[in-house]
Protein chains: 2
Amino acid sequence: MTERSVGTTLEGYLTDRDADARVRIRTAAVLLFARQGYAATTIRDLARAINMTNAGIYHHVSSKEALLADLMRAGHRGLIDSTDRMLDGARRPVDRLALLISSLTAIHALNPMLTRVMDGELRSLTPGSTAQDEIIALRDAYEDHWRRALDDGVSAGAFRVTDRRLTRLALMSMCTGTSEWYRPDGDSTLEQVCAEFVAIGLAAVRAPAQAVATCDFSLLPAFPWEPPNV
Amino acid sequence: MTERSVGTTLEGYLTDRDADARVRIRTAAVLLFARQGYAATTIRDLARAINMTNAGIYHHVSSKEALLADLMRAGHRGLIDSTDRMLDGARRPVDRLALLISSLTAIHALNPMLTRVMDGELRSLTPGSTAQDEIIALRDAYEDHWRRALDDGVSAGAFRVTDRRLTRLALMSMCTGTSEWYRPDGDSTLEQVCAEFVAIGLAAVRAPAQAVATCDFSLLPAFPWEPPNV
DNA sequence: GTCTATAGTCAGATAGAC
DNA sequence: GTCTATCTGACTATAGAC
């Protein structure tokens, strides 16, 4: 990849939405980290995308790696917090599983760039650094929601599962893959995707097709720096 | 990520397996591209991993990007060829779907590093280059196998599917995700993973649980440059 | 808070000896 | 076929003017 042109300047969109330099920098970072990868994106790329200079970025950001860590931390915290709220009233394991599937799918569909960074750039944080350790801990905390739902469903006899871990890994991959292909103007609405994936999830745990809790999209985290679909 | 130490030198392993410099270079490239990403890996990293120098690499490789393109082309061709052979005798859509699921899962489990490069580094090829266009065409050709199997299953009344595209994307994400977590010495054997994923796939298309064709692992492609599990 | 200028490092790739 | 040495350019990050 010899060229690094950004393709679209974010400046036109961003000025009338948010003048805060921190938000503009983070929006450009999510866009370019998702599109080109963290390692292939330079501070100068970010600066060019929002009509700043190299040095201007460093007034708001201590380092390129700290910027990545901030984005990933905020993303994972938003995911965990909204999942906590989402599952708050759900008692039946089948409802909790359905909410885990639909909310993880929706977050990946609605924030494709931030989630691609969250899911794919963990290796770009220095191994063993406190930043990387913190993100790993957050990811593990989120996965515990899935482990508990599947464990409880099996214990209660609501799920019949050969291998809980395999089932969890299969369903989570299905949900996170959404950020790679979902388009808001595409063939399927987000509601259709969630409904289909929940149906597959229930089939995977041998739960009968039934009415389950549906995801309240308004409870999902709102990330001010998820770039627009330009 | 400030440090770029390779961690393990491949030289000890490689010398008694294959002295061909092309294979040694490609093995190191698959290992490091998968572990650190293409953009974060330098030609000097590759050289260090196999006790060569920077300039020595360039006697066997025309450029870093051509090396990546070669690996991706070989990987996709191996995937397509082995899938062709695998599906050769299978007529029933349910058998073809089962073979697509189990073979894609197995290739990702057995070649985790090459498949991570294949699935994640398409963006690192120059957009619009003939190399990138070629890989995209190969990927599309492979996906057609899935489209045909699902189409035929629906037409024949063997599958009941709300949305063929969503079903395909969900199942393919499930299979490809395997390269991120599978370990040969882990909790599940490859046979168990394939069986579980095939069961989920049949449930996803509302096909009754039944005996289906199983994947002949010996028909899978053998990549001489998939690194050992060091 | 944004700029110009630059320090210090390292990248991909090549030349030419052996 | 592998080496040493080097070119050219780009990178992260900082210093200091305004």
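Below, chain A is the first sequence line, B the second, and so on; all start at residue 1.
- Distance CD (A/Glu65) to C1' (D/dA13): 14 Å, rounded to an integer number of Å.
- Distance CZ (B/Arg48) to P (D/dT2): 18 Å, rounded to an integer number of Å.
- Side-chain proximity of B/His60 to C/dG1, D/dT2, C/dT14: nearest is D/dT2.
- Partners of B/Arg168 by salt bridge (charged side-chain N to carboxylate O under 4.0 Å, His left out), not counting sequence neighbours, listed by chain and number: B/Glu143.
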Give me, pair by pair, the N or O atoms of the protein and of nucleotides 3-5 of chain C that are less than 3.5 Å apart, along with how far apart they are.
{"unit_1": "C/dC3", "atom_1": "OP2", "unit_2": "A/Thr53", "atom_2": "N", "d": "2.9"}
{"unit_1": "C/dC3", "atom_1": "OP2", "unit_2": "A/Thr53", "atom_2": "OG1", "d": "2.8"}

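- For A/Glu65 and A/Thr126, the side-chain atoms include at least one donor-acceptor pair closer than 3.5 Å.
- Atom CG in B/Asp45 sits about 8 Å away from atom P in C/dG12, given to the nearest Å.
- Residues satisfying the salt bridge (charged side-chain N to carboxylate O under 4.0 Å, His left out) criterion with B/Glu180, sequence neighbours excluded, are absent altogether.
- One can place OH of B/Tyr58 at 17 Å from P of D/dC7, the figure rounded to the nearest angstrom.
- A/Lys64 has its NZ atom 15 Å from the P atom of D/dT14, to the nearest Å.
- Atom-to-atom, CG of B/Leu67 to C1' of C/dG12 comes out at 13 Å; the value is rounded to the nearest Å.
- Per the geometry, CD1 belonging to B/Ile57 stands 11 Å off C1' belonging to D/dT2, to the nearest Å.
- Computed from coordinates, the A/His59 NE2 to D/dC18 P distance equals 17 Å when rounded to whole Å.
- Residues passing the side chain to side chain donor-acceptor pair (under 3.5 Å) test with B/Tyr182, sequence neighbours excluded: none.
- Each side chain to side chain donor-acceptor pair (under 3.5 Å) pair with one or both residues in residues 66-85 of chain B, not counting sequence neighbours, appears once here: B/Arg26-B/Asp70, B/Asp70-B/Arg73, B/Arg73-B/Glu134, B/Arg77-B/Glu134, B/Asp84-B/His145.
- For A/Ala131, the side chain to side chain contact (heavy atoms under 4.5 Å, CB included) partners two or more places apart in sequence, or in a different chain, are A/Ala69, A/Ser129.
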